[in-house]
Protein chains: 2
Amino acid sequence: MRDNATNSQARPLYQQVKEYILEKINSGMLQTGMQIESEAELVSALGFSRMTVNRALRELTAEGRLTRIQGRGTFVAEKKVQSSLLEIHAIDKEIRARGGTYSCTVHLLQEEKAKPSIAASMGLAPYSQVFHSIIVHKDNDVPIQLGCRYINPQVAPHFLEQDFTKCTVSDYLLSLAPVSAVEHVVEALIPDSWIRDLLGINGSEPCLALYRKTWVDDKIATHSSFYYPGSRYTLGGKFVPSSVGSIGII
Amino acid sequence: MRDNATNSQARPLYQQVKEYILEKINSGMLQTGMQIESEAELVSALGFSRMTVNRALRELTAEGRLTRIQGRGTFVAEKKVQSSLLEIHAIDKEIRARGGTYSCTVHLLQEEKAKPSIAASMGLAPYSQVFHSIIVHKDNDVPIQLGCRYINPQVAPHFLEQDFTKCTVSDYLLSLAPVSAVEHVVEALIPDSWIRDLLGINGSEPCLALYRKTWVDDKIATHSSFYYPGSRYTLGGKFVPSSVGSIGII
DNA sequence: AAGGCAAATATGTCTATACAATCAACATCA
DNA sequence: TGATGTTGATTGTATAGACATATTTGCCTT
C-alpha cells in the first residue's frame with residue numbers, strides 16, 4: 001500500500017498529499033473556486049488512509065490555500081500573495097540583535113484625562129482617566145523611535161510604578177494579560193515640532209508613523225510610533241510559505 | 001471517558017486541550033521556555049486519546065505558541081505580539097470593495113537594460129534585459145498609488161503583450177507561477193518630481209513607499225509603490241489570534 | 001405542485017494501536 | 001579515559017474503524 005520508492009526520500013505521506021494538491025493548483029489544472037477531489041476519492045487515488053488525506057487538506061486550509069465546507073466539499077481558495085505571520089518584535093531586542101546598544105529616555109509617564117479623540121479611539125468616555133507615556137528609544141544614544149502610549153488603567157493598574165528604562169513597556173504589558181486582537185496602521189507624515197525635538201530632527205523631513213491598537217478582552221491600548229527620517233523597516237522579511245518565523249522591525 | 005457535560009457546549013476535544021494549555025500560559029503558571037507536560041501526561045490528566053492531544057499541541061506549535069523537539073519535549077515559545085497572515089490584496093479589488101471605481105493608466109511598459117543597482121537587487125548581471133512598468137492606479141480618476149515594477153523576463157516572457165488596463169499586473173503574475181517568497185519594506189519619503197507629476201502632488205508632502213520583492217524559484221521581481229500623501233494604510237486589520245483572514249490595503 | 005422524509009455524499013472529530021525517529025542518560029568495553 | 005552501545009522518554013507519523021454533522025438530491029406523499 002506504500003510507494004515511497006519511486007517518490008523521493010522519506011517525505012511524510014501527508015506532505016506528499018499536500019504537494020499533490022498544490023501541484024494541481026500551480027499547474028493550472030485546478031483553478032480558483034473549483035471543487036477538488038473528495039477525501040474518499042483521494043484515498044482511492046493515492047492509497048493513503050483517510051486520516052492522512054484529512055490532515056493534508058486541513059493544513060492546506062489553515063494555510064489559506066483551500067476552503068472546506070462540511071457536506072459540500074473542498075474548494076481552491078482565491079490566490080493571494082500572503083506573507084507569514086507578522087511578528088512584532090520589541091525595539092530593544094531588534095537593536096541588540098543588530099549589534100547596537102539600546103537605551104531609552106522616559107519623557108512622560110503620568111495619569112491624565114483623555115481628550116475626546118483619544119478616548120473615542122479607546123472606547124472610553126471623554127475625559128476618562130488613562131495612563132500616558134512618551135518614551136524615546138535610542139541606538140548608541142542616537143534617537144531611533146519615539147513611542148507614545150495611551151493605556152486603559154484596567155489593563156495595567158500599576159503602570160506608573162514601573163521603571164521602563166529597565167524593562168520595556170511591551171515586555172511589561174505582555175506579561176500582564178494575553179492580547180486578544182491587534183491592528184496596525186502605517187502613515188507617512190511631517191512630524192510636529194515636539195516630535196522633531198524629541199527625535200532630534202532639524203529639517204522638515206518626512207517620517208514613518210506606525211499606529212498600533214491592542215485589545216485585551218475589550219480594553220484597548222494604543223501605541224503611536226514615529227521613526228527617525230530615512231529609516232526603512234522590513235515588514236515581513238523573506239519568508240518561505242507556510243512557515244512561521246519572519247521578523248517585523250517595529 | 002468523556003466529560004463534556006461539566007464543560008461548555010460541544011467544543012471539540014482538541015480545542016479544549018488547546019484552551020487548557022493556553023490557560024496555563026496566560027495565567028503565568030507556565031512561563032516562556034518552560035517544558036510543558038508530555039503527551040502521555042496530558043492523556044492521563046485529561047482522559048483524551050493521544051492523537052487528540054497531539055493534534056492540539058501540533059496546532060499550537062503551528063500558531064507559534066509552543067516549540068516541540070522530538071525526543072526532548074514541548075516548550076512554551078517566546079511571547080510575541082503576532083498578527084495574522086499578512087495578505088496582500090490587489091489594489092483594484094480594494095478600491096472596488098470600498099465602493100470606488102477603479103481605473104489605471106499605463107505610463108510605461110518596455111524592455112530595458114537594468115541599471116546596476118536594480119540588477120543587483122534582482123540578482124542579475126548589470127545591464128541585463130528586464131521588463132519595466134510604471135502604472136498609476138486611480139479611484140474615481142483620482143491617483144491613489146503609483147506602481148513601478150522590474151521583472152525578470154524568465155518569470156513572465158509575454159509581459160509586454162498584456163493589456164494591464166483590463167487585468168492587473170498582480171493577477172497576471174500570480175496566474176503564471178507560484179510565489180515562493182516575499183519581502184516587504186516600508187519607508188516615508190519626499191517623492192521625486194516624476195512621482196509628484198504622475199500622482200498629481202503639488203507641494204513637498206511626504207508619501208509612503210512600499211517596496212516588495214518577490215521570489216519565483218530563484219527569479220526575482222521587484223515592485224515599488226508610492227501612495228498619495230496623507231493616506232493611511234492598514235497592515236493587519238483587527239484580527240483574532242490564530243485565524244487567517246486579515247487584509248492589507250496595499 | 002408542494003412539502004417532507006430518507007438516502008447519499010462530504011467533511012469533522014475521536015480513538016486505539018502501531019511503529020519510526022530523536023535525544024539524553026547511563027552502562028559497557030577497550 | 002574515551003568511544004560505543006543500550007535503554008527509556010518523547011515526539012512524529014500512519015492506519016482502520018466509528019460516529020457526528022452538514023448539504024444536496026430525489027423520491028414519496030399529500
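Throughout, protein chains are lettered first and strands after them, A, B, ... in sequence-line order, and every chain is numbered starting at 1.
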So, does Tyr14(A) get its side chain near the phosphate of dA14(D), meaning an N or O under 4.0 Å from OP1 or OP2? no

Are any of Arg55(A)'s side-chain N or O atoms less than 4.0 Å away from OP1 or OP2 of dT13(D)? yes

Ile36(A) or Pro12(B), whichever maps to the more 5' nucleotide of DNA chain C: Ile36(A)

Calculate the interatomic distance between [X] atom [atom1] and [N] atom [atom2]; express it in whole Å.
| X | N | atom1 | atom2 | answer |
| --- | --- | --- | --- | --- |
| Gln35(A) | dT11(C) | CD | C1' | 11 Å |
| Leu66(B) | dT10(D) | CG | C1' | 15 Å |
| Glu37(B) | dA9(D) | CD | P | 17 Å |
| Asn54(A) | dG17(D) | CG | C1' | 14 Å |

Counting only distance, no hydrogens or angles, is the base of dG12(C) paired donor-acceptor with the side chain of Arg50(A) under 3.5 Å? yes

Interface residues of residues 69-76 of chain A with DNA chain C (non-hydrogen, below 4.0 angstrom): Ile69(A), Gln70(A), Gly71(A), Arg72(A), Gly73(A), Thr74(A)

So for the helix from dA1(C)-dT30(D) to dA30(C)-dT1(D), with five pairs setting each end axis, what is the inter-axis angle to 10°? 10°

Ignoring hydrogens, what is the shortest heavy-atom contact between Pro157(A) and Phe131(A)? Give both atom names and the distance. O-CZ, 3.8 Å

Residue set satisfying salt bridge (charged side-chain N to carboxylate O under 4.0 Å, His left out) with Asp218(A), at least two apart, ordered chain then number -> none

Would you check if the distance from the ring center of His137(B) to the ring center of Tyr102(B) is below 6.0 Å? yes

Aromatic ring proximity, centroids under 6.0 angstrom, Phe159(B) and Phe164(B): yes

Thr222(A) vs Arg149(A) side-chain heavy atoms within contact, under 4.5 Å: no

